[in-house]
Every structure is written in C-alpha cells, then in structure tokens.
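Mind looking over this structure? Questions follow.
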Amino acid sequence: MGKRVAVILSGCGVFDGSEIHEASAVLVKIFAPNIDQMHVVDHVKGSPTEEMRNVLVESARLARGDIQDLTQLKVSDLDAVIFPGGFGVAKNLCTWAVEGKNCSVNDQVKSTLQAFHEAKKPIGLCCISPVLAAKVFPGCELTVGHDTNDDGRFPDAETAGAIQELGCKHVCKKVNETHVDEKNKIVTTCAFMCKAPLHEIFDGVGEMVQDVLKLA
C-alpha cells in the first residue's frame, strides 16, 4: 500500500501563493486553509492588485478541484505532510513576509504541524516553508540553502540567520540536497531559495519527497 501524504497549499502562484513547480512535484492528497490571501499579485507586472482571493479557491486551481479545507485533515488518515514553498507560505500561512522571525503562524497550519509531530509522522518543507517549523518547533534542524550569498545563488541567505535566531539549527545544503532532522522527523530542501536551473530544483524536491517517504 502506498503512503498517504497530505500536501498543504497556500494559493496559486509564486508571488502570492504556492510555487507551482514545487507544488506539482509533490501533489498527492491536497489541502489548503479557507482564508483570504494577504494580497493578490499580478504575476505579469509583479505588483499587488486591488483584488481579493481565497487561498482554498486559488489552491484548487493547482489541485484540479480535488482539494479539501485544511480543517477536514485527519492525521490518523495520513502518513506524512508536505508544504511546498512560494511567497504564499510567508504571506498566507504565516506573517513572515511582513514580520520576519517575529511572525505568527496561522492557527490551522500550526495545529496541523503539531498534530503530525505529536503522532511522530514526517513533515516535509521546501523553499521558504521551513520557517513554519522554525516558529512551531524551536530547536529543530532545517535548511533553506546557504547562510551567505557569496556566489549570488542565495539572495535570501539572511533567512538562515533568522532561523538560527529562533533557536533552530540551520544546516547549509546544495539545491539538490536535503537535510533530515531525524529526531523531529522534519525534511527540508531549499528549492527556489536558490537561483538554480529548474531540473536542479526538481532534484532537490524529489529528494525531499523520498526522504519523507522513508520516514513514513
């Protein structure tokens, strides 16, 4: 029997929702919170619009409609959970985009993470989504890539420092690598936190999925 893995989305589109390439690389059983997005970004212009959109409704675009409200998720029915990245994580699932390490995590998202952790079931996070674990599980081990931008490939390297300020251990990894926190059963990879070719992003996300399945 295959493993039952929940995927939690944060909308549809890198600048205000889930990063589409990351999400499509891990889509299994899909959930999203039924909340309004922080804002809506015109992905052509790269700037906010006056529209209002719903995270669950937008995430349904990626799920081809086969999606459930996050409140319907039952940990007992699942073996693992994965959070793709995208700015929607930092804007809709938590407030990292505006408050950084002082952010708050959406209550449904926080309770979902805690429930999987308490059940000793693995959690996979990529791109910016490891900051969710940094806020919910102080002392855990994570990666968002490198902690410096010496080669220009990690423009958001300061995120690693913020994670460490939250009392977590940041482990530097290449884009096609993962870090596995065996104690907490948390698997992370940097994905689009690194400026890398798409196939390298997919390699890292694929490794993350495989490592989550090994722990499940």
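Source: prediction; values computed, not measured.
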Quick one: does V89's side chain get under 4.5 Å of F83's, heavy atoms only?
no

Answer whether the closest heavy-atom distance between the side chains of P84 and L9 falls below 4.5 Å.
yes

So S18 and L62, do their side chains get closer than 4.5 Å, heavy atoms only?
yes

Hey, what do you get for OG1 (T178) to CD1 (I186), rounding to the nearest 0.5 Å?
13.0 Å

So if I apply the side-chain contact (heavy atoms from CB on, under 4.5 Å) rule between V5 and each of L213, V81, V26, I30, which one comes out positive?
L213

Indicate the atoms forming the closest heavy-atom contact of L166 with K135, along with that distance.
CD1-CD, 3.8 Å

Contact summary for K121 and D79, nearest pair of heavy atoms:
CB-O, 3.6 Å

Closest contact, heavy atoms only, G11 versus V55:
N-CG1, 3.7 Å

Is it true that I20 and F192 fall in one hydrophobic cluster, defined by side-chain heavy atoms closer than 4.5 Å?
yes

Atom CG of residue position D66 - does it have more than 12 heavy atoms of other residues, nucleotides or ligands inside 6.0 Å?
no

Show me the pairs that pass salt bridge (charged side-chain N to carboxylate O under 4.0 Å, His left out) and involve residues 46-65, at least two apart or across chains.
E51-R53, R53-E58, E58-R61

In the single-linkage hydrophobic clustering (I, L, V, M, F, W, Y; side-chain heavy atoms under 4.5 Å), do V57 and I35 co-cluster?
no

Applying side chain to side chain donor-acceptor pair (under 3.5 Å), name anything that partners T148, two or more places apart in sequence or on another chain.
D150

Got a second to check how far L125's CG is from C190's SG, nearest 0.5 Å?
13.0 Å

Rounded distance [0.5 Å steps], CG in D147 versus OG1 in T159
11.0 Å

With heavy-atom distances below 4.5 Å as the criterion, would you say the side chains of K101 and W96 are in contact?
yes

Filter on ring pair (Phe, Tyr, Trp, His ring centres under 6.0 Å), then keep only pairs touching residues 8-47, sequence neighbours left out; what's left?
F15-H43

Taking all heavy atoms of D181 and all of E141, pick out the closest pair and write down the distance.
OD2-N, 2.8 Å

Would you say the side-chain atoms of N92 pair up with the backbone N or O of D16, donor to acceptor, closer than 3.5 Å?
yes

Taking the side chain as every heavy atom from C-beta outward, state whether T188 and K173 have any pair of such atoms under 4.5 Å apart.
no

For the pair D211 and K214, find out whether any cationic side-chain nitrogen is under 4.0 Å from an anionic carboxylate oxygen.
yes

What pair of heavy atoms forms the shortest contact from V212 to G124, and how long is it?
CG2-CA, 3.7 Å

Answer with yes or no whether the hydrophobic clustering places V187 together with V175; edges join I, L, V, M, F, W, Y residues whose side-chain heavy atoms lie under 4.5 Å apart.
yes

Could you check whether any side-chain heavy atom of C127 comes within less than 4.5 Å of a side-chain heavy atom of E22, counting everything from C-beta outward?
yes

Hey, is the main chain of M193 close enough, under 3.5 Å, to the side chain of D156 for a donor-acceptor pair?
no

Please tell me if the side chains of K29 and Q68 come closer than 4.5 Å, counting only heavy atoms from C-beta onward.
yes

So do L113 and I123 actually touch side chain to side chain, heavy atoms under 4.5 Å?
yes

Connected via hydrophobic side-chain network under 4.5 Å: I128 and F87:
no

For N54 and N34: C-alpha separation, side-chain torsions, deciding distance, then whether side-chain hydrogen bond (donor to acceptor under 3.5 Å, both in side chains) applies.
CA-CA 7 Å; N54 177 277; N34 188 7; 2.9 Å; yes

With sequence neighbours excluded, what pairs up with E200 under the salt bridge (Lys or Arg N to Asp or Glu O under 4.0 Å) test?
R153

Under the ring pair (Phe, Tyr, Trp, His ring centres under 6.0 Å) test, which residues partner H179, sequence neighbours left out?
none

Side-chain heavy atoms under 4.5 angstrom apart, residues restricted to Ile, Leu, Val, Met, Phe, Trp, Tyr: same cluster for I82 and I67?
yes

Rounded distance (nearest 0.5 Å) linking atom CG of N184 with atom SG of C140:
6.0 Å

If the condition is ring pair (Phe, Tyr, Trp, His ring centres under 6.0 Å), which residues does F137 pass it with, not counting sequence neighbours?
H117

Nearest-0.5 Å distance that lies between atom OG in S10 and atom CG in L93:
4.5 Å

Output the distance between atom NE2 (H170) and atom CD (E165), rounded to the nearest 0.5 Å.
13.0 Å

Taking every heavy atom of K3 against every heavy atom of A216, the minimum-distance pair comes out as NZ-O, 3.4 Å

Within 6.0 Å of CG in D107, more than 12 heavy atoms from elsewhere
no

Does K185 reach the main-chain N or O of K120 with its side chain, forming a donor-acceptor pair under 3.5 Å?
yes

Under the criterion side chain to side chain contact (heavy atoms under 4.5 Å, CB included), I'd like the reasoning laid out for L132 against C94: C-alpha separation, chi angles, the key distance, then a yes or no.
CA-CA 7 Å; L132 298 172; C94 70; 3.8 Å; yes

